[in-house]
S.K.: 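Take a look at the following structure, please.
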Amino acid sequence: MTKSQLIDKIADKLADTMSKKDAELIINTLFRDMGNALKKGDKIELRGLGSFKVITRDERLGRNPKTGEKVQVERKRAIFFKPGKELKERVDS
Amino acid sequence: MTKADIIENIYEKVGISKKETALAIETIFDTIKTTLESEENVKISGFGNFTIRRKKARRGRNPQTGDEIEISARKVITFKPSNVLKDLINS
């Protein structure tokens, strides 16, 4: 399912309460807000679905796997998703 | 950030009632969960992809006792952030 298919499904399910344009705006705003929260370093906790958090990986000396040359890998931030109990159980049943 | 914070943010921006916003958010997350449950991946462009991976059964060890145990085959969910999201958090 892609984002546009999700928009179609939500617009369909909520046809009595809102327009497709509203559904689209809500979904786009939702994922933009989540991205901005992660950018600030906030943890996102969605009961049942899971949680997202940002960790910082320190700079380190790595190697180019092709040439074997040493390269400096910059300090960077990465996102971790931990599925919630409900989602884990529903997927593995 | 919790679901309540999300609803509050979106309600202010979209201009529909708080109750309708809450219903929409619940419906979105429910739809994502149901889709993943049916083993279909969810791809949100600009955010990331949720993928179901099938893990084979393997022999593992109880780290406390050292006993060998059978880890059964299972399905797990992984999330891979999009390049847009990776760049955003590193900017």
Side-chain angles (χ1 to χ4, degrees), chain A residues 1-7 9-14 16-19 21-52 54 56 74-84 86-93, chain B residues 1-3 5-17 19-21 23-50 52-55 72-82 84-91:
Chain A
M1 179 174 74
T2 62
K3 191 171 79 176
S4 60
Q5 289 169 328
L6 175 65
I7 291 168
K9 279 190 188 173
I10 300 304
D12 201 42
K13 284 182 188 174
L14 301 179
D16 294 343
T17 50
M18 66 186 66
S19 67
K21 237 178 122 186
D22 287 336
E24 191 172 1
L25 182 60
I26 290 170
I27 288 169
N28 285 331
T29 309
L30 168 65
F31 290 108
R32 203 178 46 231
D33 282 354
M34 285 171 67
N36 286 334
L38 292 170
K39 182 184 163 71
K40 281 191 286 176
D42 276 2
K43 186 177 178 188
I44 304 174
E45 289 190 55
L46 303 169
R47 195 162 288 270
L49 188 83
S51 59
F52 297 86
V54 177
T56 304
E74 298 299 314
R75 175 193 178 93
K76 64 182 168 195
R77 301 208 296 166
I79 295 170
F80 270 90
F81 171 68
K82 185 171 179 248
E86 184 202 341
L87 181 61
K88 255 191 192 166
E89 288 173 357
R90 281 174 67 176
V91 165
D92 189 33
S93 56
Chain B
M1 178 187 231
T2 62
K3 224 181 274 181
D5 299 321
I6 289 175
I7 293 166
E8 198 67 36
N9 281 346
I10 292 181
Y11 156 72
E12 282 169 13
K13 285 178 195 159
V14 178
I16 58 170
S17 78
K19 211 179 142 189
E20 284 168 344
T21 309
L23 175 68
I25 297 300
E26 285 300 333
T27 310
I28 292 163
F29 291 139
D30 269 351
T31 305
I32 292 175
K33 282 187 272 189
T34 309
T35 305
L36 291 170
E37 190 180 7
S38 72
E39 273 188 67
E40 192 189 334
N41 298 336
V42 174
K43 301 183 205 177
I44 307 294
S45 67
F47 189 75
N49 298 347
F50 297 88
I52 306 290
R53 299 182 65 179
R54 287 175 162 273
K55 298 275 200 178
S72 52
R74 68 214 147 92
K75 286 180 266 180
V76 297
I77 305 155
T78 56
F79 172 72
K80 188 168 179 266
S82 74
V84 176
L85 184 57
K86 278 192 213 166
D87 290 346
L88 177 73
I89 63 159
N90 279 296
S91 61

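Here is the naming used below: chain letters follow the sequence lines, and residue numbers restart at 1 for every chain.
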S.K.: Is A:Phe52 close to chain B through its backbone or its side chain, or both, or neither, when contacts mean heavy atoms under 4.5 Å?
M.R.: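 For A:Phe52, the side chain is the part near chain B, not the backbone.
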
S.K.: Applying side-chain hydrogen bond (donor to acceptor under 3.5 Å, both in side chains) as the test, list every pair that has at least one member in residues 37-52 of chain A; sequence neighbours left out.
M.R.: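 Listed by first then second residue: A:Lys39-B:Ser91.
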
S.K.: With a 4.5 angstrom heavy-atom cut-off, which part of B:Glu40 approaches chain A: side chain, backbone, both or neither?
M.R.: side chain

S.K.: Is chain B contacted by the side chain of A:Asn28, its backbone, both, or neither, given a heavy-atom distance below 4.5 Å?
M.R.: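 Interface part for A:Asn28: neither.
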
S.K.: If you apply the rule side chain to side chain contact (heavy atoms under 4.5 Å, CB included), what do you find for A:Phe81 with B:Ile77, and how did you get there?
M.R.: CA-CA 9 Å; A:Phe81 171 68; B:Ile77 305 155; 4.2 Å; yes

S.K.: For A:Asp33, which residues count as a salt bridge (charged side-chain N to carboxylate O under 4.0 Å, His left out) partner, sequence neighbours excluded?
M.R.: B:Lys13

S.K.: Quick one: what part of B:Lys3 sits under 4.5 Å from any heavy atom of chain A, side chain, backbone, both or neither?
M.R.: both

S.K.: Heavy-atom cut-off 4.5 Å, strictly under: side chain, backbone, both or neither for B:Ile16 against chain A?
M.R.: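 Only the side chain of B:Ile16 comes within 4.5 Å of chain A.
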
S.K.: What part of B:Thr27 is in contact with chain A, defined as an atom under 4.5 angstrom from a non-hydrogen atom: side chain, backbone, both or neither?
M.R.: both

S.K.: With side chain to side chain contact (heavy atoms under 4.5 Å, CB included) as the criterion, how do B:Val42 and A:Leu6 come out once you've worked through the C-alpha distance, each side chain's angles and the decisive distance to 0.1 Å?
M.R.: CA-CA 9 Å; B:Val42 174; A:Leu6 175 65; 5.8 Å; no

S.K.: Please classify the contact between A:Leu14 and chain B as side chain, backbone, both or neither, with a heavy-atom cut-off of under 4.5 Å.
M.R.: side chain

S.K.: With a 4.5 angstrom heavy-atom cut-off, is it the side chain or the backbone of A:Ile44 that approaches chain B, or both, or neither?
M.R.: both

S.K.: Measuring heavy-atom distances to chain B, does A:Glu86 have an atom under 4.5 Å in its side chain, in its backbone, in both, or in neither?
M.R.: side chain

S.K.: At a heavy-atom distance under 4.5 Å, which candidate from A:Lys3, A:Gln5, A:Arg90 has the highest pair count against chain B?
M.R.: A:Arg90

S.K.: Please identify, among A:Leu30, A:Ile27, A:Ile7, the residue contributing the most non-hydrogen atom pairs under 4.5 Å to chain B.
M.R.: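 Most heavy-atom pairs within the cutoff with chain B belong to A:Leu30.
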
S.K.: Given heavy-atom pairs under 4.5 angstrom as the criterion, report whether the side chain, backbone, both or neither of A:Ala78 touches chain B.
M.R.: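 A:Ala78 touches chain B through backbone heavy atoms alone.
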
